[in-house]
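Notes for the one structure printed next.
The sequence lines fix the lettering, A, B, ..., with proteins before strands; numbering per chain opens at 1.
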Amino acid sequence: MTREPSLQILAGALVVLAGVAAVLNGLGGPTLPLDGAASALAALTGALALGLSPAGLDDPLQEGWYAGVASALERPGLPAWAIRLIVLASAPLAGAGVAAYALAALVLALTAPPGAPVRIDPLRATATGFLGLAVVLAARAGGLLLGGAELPWAVLMIGSGLALFWSAAGALRDADASQALLDARAARTDLGLLLSLAGVVWVLSRAGLFDQAGGTIAATCAALAVLALVIGPRWLRTSRALRAESTDRARAQERSELADHLHDSVLQTLALIQRRAGDPLAVSALARRQERELREWLLGEPVASAAEGSLAGALHALVAEVEDLHGVRIELVIVGDAPLDARAGALLGAAREALLNAARHAPGAAVSLFTKVTDSQIEIFVHDRGPGFDPRAMAPERRGVRESIIRRVERHGGVAQVHSAPGQGCEVTLRVGRK
Amino acid sequence: MSAERPRVVIVDDHALLRAGVRAELEGSVEVVGEAGTVAEAIAMIAATEPDVVLLDVHMPDGGGLAVIAGMTAGGQPARVLALSVSDAPEDVIEIVRAGAAGYVTKTISAQELADAIRRVARGDVVLSQRLAGFVLDAFSGAPAEPSDPELDRLTPREQEILEQIARGYLYKEIAASLGISARTVETHVSGVLRKLHLTNRHQLARWAAQHRMVE
């Protein structure tokens, strides 16, 4: 809204003058000789002069003929020229078309997306009021007008009051406006509100509504309607601004959560890795654990808890534990799944022992854990590509293998075997029936 | 085709990873080009005509699938080895079904990666342990809508071989334990991959969606 201040003052003064004249006219005071085609012509000239001044033309947003309302409301089946025709045709009906047009212009401007420049400017709004008045007066001079002689004044008063109100309210959107400007706008808002309310009351009293039994109700309804007109668009805009703000806040919160998480996990791990750069095993264990955590976090659910109480979930947790404890990398492949009952639990315990053995006796070697669950049995294969050994020469004190692996599985009716030979790695096969 | 030192193009949108892989592969393969985008990759592959394209699954503008589509459209015979940080079954299955001759994860050791590239360059396929597990899982049980029993099911021998791969055995070890030649193992694995290409797509897609897992 870069307008010449002098023009703005002129427009404001005209509106105030018109309002004063209307009030005086309504009170039966000195009336202005505004009947007739000559006065209509004068008003039309004034409106054109204001509306088409260079300041009024440099608005790049105006694509239509006047305020762009018809072009904006254009729909398939409802071309812009038809809307213009309706507006012009309904203008003599107590200015209905003009008022509707002005209202539509206001709503369009106020429901523009946030960030779009404000479309209303007081100059153009005032000009609209004058133009409407000119149309009404011209129609009246031609004998086409419906309604009393004061109606044009009332229409002008309400219209310019609303225009004033909304021009100020629209300008309040500018975030960087100074306090003095905001104060001036608040004054404009109040004045506009007062003007339009006075206009409405005047119309109603002239129509004799206050003299009838239901007069109070009618007046209340009218006041409410004006309030709705005044508050509605502002409420719309505020709620939209609130929505935008809450979206921003949600985004900011998400961002800060992400930052927190990255700080707590990834940055800490990277710091640890730098400090322990000389220890390749520790570095790869750290990287591995961080990778797993980040994957779980990105997916939104820990893999292990996703399959709570299932063999697959327990295997994921087991592999994670052994990898973290011993810095080995275990390739885990699972086909099928089963509930974690006593038999599956025994197999899991044996698999844990086998993994720990592999980590202990084949450090740095590739370790695989393959699990296959069918309807009739569960099989787990723990395979390492370490140095291997001769199972027959296994020392009797290596209780781990006999007790923790073989006996444990056998107690549940299963079979455990250890296949190994020097230089050929080692594979522990665990098998248990499901019924 | 030079099977000993295959000519390789590395496609990945992370320059750091390209540099790392290139350094690792130095000496064992001949890296003839690198590309960081889908368009760059298609142009680079057309210009250098490599034996093997080492292809990142996840990239902007359509990722590895778009590169394979562009190669196919350009009539490029190069074979593709997919390389990814993602172990999500749907990604793995999609890229292999699109025509990749194998799939390995980015945590693979340099030695294994070079072996995989040489194997792909020879015309064989590379089935990682995890991919073998996915295939076994996808083909386990009776197919919901059996359209072609030949394609929708694995033979017992294929199943046996896949299980051994999943257990971490090399082809030559599998061949020894089954009493067949390594060449025959390769043939079986290629057959499995062919089934993966041709079988009922809906069944696989559903399976992959149900098994969305990270590890």
Side-chain angles (χ1 to χ4, degrees), chain A residues 284 287-288 291-304 306-307 310 312-313 315-320 323 329-337 358 362 364-375 379-386 419 421 423-430, chain B residues 20 58 84-92 103-113 115 127-142 154 156 158-174 176-177 192 207-215:
Chain A
S284 79
R288 179 87 179 116
E291 179 192 338
R292 190 170 49 239
E293 278 181 16
L294 200 57
R295 280 179 190 281
E296 286 176 2
W297 190 74
L298 286 174
L299 206 73
E301 48 181 316
V303 170
S310 78
L315 281 169
H316 276 112
L318 169 64
V319 163
E323 281 185 340
R329 187 176 180 93
I330 300 165
E331 195 68 36
L332 174 64
V333 177
I334 303 173
V335 175
D337 198 2
V367 180
S368 310
L369 195 161
F370 173 59
T371 301
K372 182 185 168 198
V373 180
T374 62
D375 291 341
E379 286 176 293
I380 296 182
F381 302 86
V382 177
H383 180 209
D384 71 70
R385 309 196 68 82
H419 304 278
Q424 303 222 336
C426 172
E427 185 174 55
V428 178
T429 306
L430 311 164
Chain B
H58 293 278
S84 173
V85 292
S86 166
D87 294 334
E90 61 265 41
D91 293 337
V92 180
Y103 175 93
V104 292
T105 54
K106 283 182 180 173
T107 47
I108 190 173
S109 75
Q111 183 58 42
E112 285 175 306
L113 182 59
D115 282 347
L127 218 61
S128 69
Q129 279 172 262
R130 192 147 308 171
L131 180 53
F134 289 161
V135 175
L136 277 171
D137 211 4
F139 281 92
S140 70
L154 299 175
E158 285 167 345
Q159 190 144 349
E160 220 170 352
I161 290 171
L162 282 180
E163 281 178 21
Q164 298 229 18
I165 292 174
R167 280 157 66 181
Y169 285 104
L170 304 176
Y171 283 12
K172 60 172 188 277
E173 294 167 338
I174 297 170
S177 83
V192 169
W207 171 84
Q210 283 166 356
H211 289 71
R212 185 167 166 78
M213 57 183 120
V214 181
E215 287 198 301

Q) Do you know which of A:Ser368, A:Gly425, A:Ala287 has the most heavy-atom pairs with chain B at a distance under 4.5 angstrom? A) A:Ser368
Q: Evaluate the side-chain contact (heavy atoms from CB on, under 4.5 Å) criterion for residues A:Arg385 and B:Glu173: first the C-alpha distance (whole Å), next the side-chain angles of each, then the deciding distance (0.1 Å), finally the verdict.
A: CA-CA 12 Å; A:Arg385 309 196 68 82; B:Glu173 294 167 338; 2.6 Å; yes
**Q.** chain B contact via A:Val335 - which portion, at a heavy-atom distance below 4.5 Å
**A.** both
Q: Work out which heavy atom in B:Arg167 is nearest to a heavy atom in A:His383; give both atom names and the distance.
A: O-ND1, 2.8 Å
Q) Can you tell if the side chain of A:Lys372 reaches within under 4.5 Å of the side chain of B:Gln159, non-hydrogen atoms only? A) yes
Q. Looking at A:Val382, A:Thr374, A:Val367, A:Val333, which has the largest count of heavy-atom pairs under 4.5 Å with chain B?
A. A:Val333
